[in-house]
Structures are given as C-alpha cells and as structure tokens.
Amino acid sequence: MIEARHLRVLRAVATTGSFSAAARELGCTQPAVSQQMKALESSAGTPLLIRTGREMRLTQAGEALVRHASGILAGLTAAEEEVAAIAGLRAGRVRLVSFPSGSSTLVPGALAALRAEHPGTRVSLVEAEPPRSVDLLRDGDCDIALAFRYGASGGEWDDLVVRPLLTDRLIGLVPDGHRLADAESVSIGELAEESWIAGCPRCRRQLVEVCEASGFTPRIDFATDDYPAVMGLVGAGLGVAVLPELAVESVRPKGARTVAVEPAIEREIVALTLPDLARVPAVAATLDQLSLAAAR
C-alpha cells in the first residue's frame, strides 16, 4: 500500500534532486528519506529512482507516481479539512497565494471580513505572480491562488475551479508636464516614441503585443515587478507606463498623471482552487469573501 508520507518524500526528492536536499526541505534526516524511499519502492514493486553517482533521476514509474502525487495529496488535505470542519474540531486553514496588487487591494478586505465571520479560520498569505502561483496550487502548496490573465487561453485552467472576480483595465501613466498629461485618453500609438517602464513579465508581454498591433515596438528602458518603483520612475520623468488599476489604487502616484489608454487593455482577475478543495468550508468561505471584496 502506498502511503501519503512516502508520496510527500518522493515529491520532495523529485523537486530537490537529492536525498539530502529533500531531508532539509522536509525537516528530517537523510537516512529517514532513504528509508522511506525504499519502503515506497517496495510498495510500488518497481524502482522509482535511478542513482548514478551524485546524480539522481526518476524512472518512468517514478515520473508517473510524481505526476499523480500532487492530486492525491491535495485530495487528502481536502478530506482532512472537510472532516475536521464537519466534526467541529477546528474551523479550518487556508493557504492563499496572490499577486502583489491583489494583495494590497482585494485581499485585506476579504480576510478582515472572513476573520470577523469565522474568527477560528487561519489564513496565510504569500505572493507570487501567475503562472508560478497556479503551479503552487497544482503542486498542493496552496489552497487558493489569486491570478490574472489577458484574454482567454484555451484549456489553461480547465482542471481548476475558476471564480471570476473582476475585470481590471490597464491605465497609462505619464509624468506631470508631459504633453499628454491633461488628456482624458490617449491612443497607444501616440506613445510610440516614448521611453517605457514595464511591469511584471506577463504584463510586459501584453504591452509589447498591444504596441506591436498598433505598429511599433516599445523601447523598454526600465523593467521592474515593483509597482511603486514604476510610478517613481514615471514621476521622475524617466518614461511612461501602463499599470493595472488595482496597482494604481494601492499606491498614490507622485509626479505622475493617469490617462485612459486606447485600445483598452484588460486583464481578468480570478480566484482559483482545486475541485476537491472547493468543497472545504474554509476555502469556500474565503472564495466568497474575495468575490464580495471585488464587488465593492
């Protein structure tokens, strides 16, 4: 019989590439990892790892087992949480991953409301941009991922429960005194000769695609994932940028003006979870509060 603890060890070995690194990640000893891997191979009835000197790689059977491990472990977590909630042993635990502008706008209100309604529910928060945040969810390392995408990507999230939250439009930022600072809206083509300050990698790709569709390639002189840094660079007169409205809401721009940009650049903000986890009361309550926060 394959045990969940052995699957966790196998996944750690596959991720880190060695018994010693897996032991450090799991907080145990290297002999303990080796012993559990031997027990798992015995249960599976076939080798799962090939050891050649310092190098270690998965066999075909090992790859198959790792592929199924995340879903199995997520299902076990969902079962434990749901049973605990039903039995009244504890209110629940939710591990949330969010991108930065979501963390500063949607998350605070949602978690404050959740704590007021369910004071026993514990929520942890870490930040990651998609697709990394979505990978964390699929790997069983979080329960909810706040994510975004530009346009629908066929099949991208078909295996997940998708809770749409809002549509976030990107707006332009130009320095005070810029020739377009007082315009209500500008065409993206009017900024073709400007120096650009780009944001996160996914937003950066979308910017380049929109600009190229308008007949030019933006000259990106600065790139940073830190939205206050983007606003500071624009405010210092070093270039122009487009940022999500959520990002502008969370940081007051100094020395910069916001202008609407045409054609409209929009991103879909969603909360994602696994089908099994969607039935866990604490996860469902958090999704509901995120929806309410987005509607405010």
Side-chain angles (χ1 to χ4, degrees), residues 1-15 22 25-28 36 40 43-44 62-99 102-103 106-107 110-111 113-115 117-128 130-149 155-165 269-294:
M1 181 179 293
I2 294 175
E3 298 184 31
R5 62 194 177 101
H6 295 158
L7 289 179
R8 290 190 177 92
V9 171
L10 174 63
R11 192 176 67 175
V13 171
T15 301
E25 181 175 300
L26 296 170
C28 61
Q36 292 195 51
L40 180 57
S43 297
E63 291 175 352
L65 200 52
V66 168
R67 193 166 59 248
H68 289 287
S70 295
I72 293 169
L73 294 173
L76 285 173
T77 299
E80 290 170 357
E81 293 289 348
E82 192 164 0
V83 169
I86 292 171
L89 298 177
R90 57 193 172 91
R93 168 182 64 90
V94 179
R95 298 166 299 165
L96 176 63
V97 175
S98 173
F99 54 94
S103 299
L106 297 176
V107 171
L111 297 193
L114 182 70
R115 176 175 291 182
E117 192 169 328
H118 304 285
T121 299
R122 296 180 294 111
V123 181
S124 63
L125 171 68
V126 297
E127 288 190 341
R132 174 60 182 154
S133 57
V134 183
D135 291 339
L136 289 171
L137 176 63
R138 289 193 173 110
D139 288 344
D141 294 323
C142 72
D143 304 310
I144 297 174
L146 206 60
F148 63 86
R149 63 181 172 186
E156 182 183 15
W157 296 333
D158 283 354
D159 59 323
L160 304 174
V161 173
V162 181
R163 176 75 69 92
L165 298 179
I269 309 296
V270 302
L272 304 171
T273 192
L274 295 168
D276 286 336
L277 291 173
R279 299 194 296 272
V280 175
V283 172
T286 305
L287 289 172
D288 289 342
Q289 291 299 341
L290 286 168
S291 293
L292 290 173

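Note: hydrogens, waters and symmetry copies are ignored here, and every other heavy atom, side chains too, is used.
In this structure, CD1 in I269 is found 8.0 Å from CG in L165, a value given to the nearest 0.5 Å.
Under a 3.5 Å cut-off, the side chain of S98 and the backbone N or O of S103 do form a donor-acceptor pair. Of the possible donor and acceptor atoms, one in the side chain of R11 sits under 3.5 Å from a partner among the backbone N and O of D139. In terms of modelled atom types and a separation under 3.5 Å, the side chain of R93 and the main chain of A282 share no donor-acceptor contact.
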Quick one: do L40 and I2 satisfy side chain to side chain contact (heavy atoms under 4.5 Å, CB included)? Show the steps, please. CA-CA 6 Å; L40 180 57; I2 294 175; 3.8 Å; yes
Walk me through whether V97 and L137 qualify under side chain to side chain contact (heavy atoms under 4.5 Å, CB included). CA-CA 8 Å; V97 175; L137 176 63; over 6 Å; no
So L274 and V161, side chain to side chain contact (heavy atoms under 4.5 Å, CB included) or not? Walk me through it. CA-CA 6 Å; L274 295 168; V161 173; over 6 Å; no
With side chain to side chain contact (heavy atoms under 4.5 Å, CB included) as the criterion, how do V280 and T273 come out once you've worked through the C-alpha distance, each side chain's angles and the decisive distance to 0.1 Å? CA-CA 11 Å; V280 175; T273 192; over 6 Å; no
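Counted by atom type alone, S291 and R163 present one or more donor-acceptor pairs between their side chains at under 3.5 Å.
For residues 67-78, there are no salt bridge (charged side-chain N to carboxylate O under 4.0 Å, His left out) pairs, not counting sequence neighbours.
Salt-bridge formation is not detected for the pair D141/R132: no Lys NZ or Arg NE/NH1/NH2 atom is positioned less than 4.0 Å from an Asp or Glu carboxylate oxygen.
Put simply, the residue from R122, R138, R95 that forms a salt bridge (Lys or Arg N to Asp or Glu O under 4.0 Å) with D143 is R95.
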